[in-house]
Amino acid sequence: MKNGQAGLWLLLGSGALLGLLLLGLRVGSFAIDFDLMRRAMLHYDPTEPAQLVLVQLRLPRLLLAVLAGAGLAVSGYLMQAMVNNSLADPYLLGTASGAGLGAVLCFALLPTLTWAGIYLPPVAALLGALGTTLVVVALGMDRGQLRPAPLLLGGIAVGSLATAIGGLLTFLSDTPDKLRTVTFWAMGSFERAGWNLLPYPALALAGTLGLFAFLQKDLAILLLGEERAEALGVPVARLRWILIVSASVLTGCVVALCGPIGFVGLMMPHVTRWLLGVTGRWNLLVCALLGGCFLLACDLLARLLYPPAGVPVGIVTALFGVPFFVYLLRKKGT
């Protein structure tokens, strides 16, 4: 696609994101008008309850939804490029389950979640995501080549094992408070959002997008197939390691803060390629923007379905994701 068409989608996506943010700020246990939003942004007064709710509760929640959606979408895009399979995403390859296991270890076993000013769950989730992804990739390798079928089956098996271990740790949790924390986190939500947590997914997303701004050509060629990429001089082995680490970092940060939220990383790369083609220059940025808009809209729908707290956002994404996954399976079978 031409750069002008990509610019149009970036503009439309940015407008949709802004509109969803404004709508999300208004929806809640009580309505907030635009005048209050303006006053809160220009002259924040924490003694006014409505402004306090707006700035300290609603806005961090919405921004976390945007960052989580963008991170999962980009992670899915990178994984589909890494294995050259349109069904790959952080959940099917076990990355999210490994991240979840790392986070559960923190929630269930550690007496405190902060050490030396560092919030530990994203770190543990990153290690878990990276570990499970490496195991799955090793299972999918055959004579130096990644095989899609063993890779996906290995991802399902390893992901199921990580989920089972996490469930066992939750069951054996020694205090009701820890059990509630892990159970609520496992349902997938943005209730833990806070200004102190936003830098983790924001830095991971910014670093990944910045890195692949320089590797965009190699990534686009890899999507055309491993053999063609090697013939054109792309260092496939090194690029795959970069993809593994980047996708694990993004998934780990999101899962640690928001819990398991599925199908975003599966759907958004497909939508991006439908709009811009396989090798579009701005694909990754558009994919991030679409992911942020999608998850923000899902969070808004979740709160409208069951106000004021809302149903777990993972349930809403599954309502869209499962039919989409079935469609992809039927399409690949024809």
Side-chain angles (χ1 to χ4, degrees), residues 13 15-32 37 50 53-76 89-91 96-97 99-100 103 107 121 125 163 170 180-195 197-198 200-202 205 250-251 253-268 270-271 287-326:
L17 185 65
L18 179 60
L20 288 168
L21 280 171
L22 292 175
L23 185 59
L25 288 173
R26 297 198 63 182
V27 173
S29 56
F30 57 90
I32 293 179
M37 293 184 199
V53 168
L54 181 70
V55 175
Q56 297 299 329
L57 296 179
R58 291 191 188 177
L59 187 55
R61 175 187 178 124
L62 296 175
L63 293 178
L64 181 58
V66 172
L67 292 171
L72 290 174
V74 171
S75 179
D89 86 330
Y91 289 84
S97 298
F107 290 134
T163 301
T170 303
R180 282 194 295 269
T181 298
V182 175
T183 302
F184 187 75
W185 165 86
M187 297 173 72
S189 73
F190 306 116
E191 295 298 326
R192 296 179 57 84
W195 291 107
L197 301 182
L198 292 179
Y200 294 94
L205 180 63
L250 285 171
T251 304
C253 285
V254 172
V255 172
L257 301 181
C258 309
I261 301 172
F263 298 104
V264 181
L266 175 68
M267 293 188 289
M268 295 304 106
H270 284 274
V271 176
C287 187
L289 188 58
L290 290 175
C293 288
F294 174 71
L295 203 49
L296 188 58
C298 286
D299 181 56
L300 180 60
L301 180 59
R303 286 190 285 155
L304 291 174
L305 289 174
Y306 189 72
V311 300
V313 71
I315 294 176
V316 180
T317 60
L319 293 176
F320 294 98
V322 170
F324 190 89
F325 184 66
V326 172

Can you find a pair of side-chain heavy atoms, one from [X] and one from [Y], that are under 4.5 Å apart?
X      : Y      : answer
Leu62  : Phe190 : no
Leu59  : Leu54  : no
Phe263 : Phe325 : yes
Leu300 : Leu304 : yes
Leu72  : Leu250 : no
Leu21  : Val66  : yes

Separation of [Y] [atom2] from [X] [atom1] (nearest 0.5 Å):
X      : Y      : atom1 : atom2 : result
Leu198 : Leu63  : CG    : CG    : 6.0 Å
Met268 : Cys293 : CE    : SG    : 9.5 Å
Ser189 : Asp299 : OG    : CG    : 9.0 Å

Review point. Does any N or O in the side chain of Ser97 come within less than 3.5 Å of the main-chain N or O of Thr163, such that one atom is a donor and the other an acceptor?
Key: no

Review point. Under the 3.5 angstrom rule, does the side chain of Arg58 hit a backbone N or O of Leu25 as a donor-acceptor pair?
Key: yes

Considering non-hydrogen atoms only, spot the tightest contact between [X] and [Y] and give its length.
X      : Y      : result
Val316 : Ala302 : CG2-CB, 3.8 Å
Gly321 : Met267 : CA-SD, 3.8 Å
Val264 : Gly69  : CG1-O, 3.7 Å

Practice item. Apply the test side-chain contact (heavy atoms from CB on, under 4.5 Å) to residues Leu64 and Leu197: give CA-CA distance (whole Å), side-chain angles for both, the deciding distance (0.1 Å), then the verdict. Key: CA-CA 9 Å; Leu64 181 58; Leu197 301 182; over 6 Å; no

Point to revise | Test applied, side chain to side chain contact (heavy atoms under 4.5 Å, CB included); reference residue, Tyr91; option that passes from Thr251, Val255, Leu266 | key: Val255

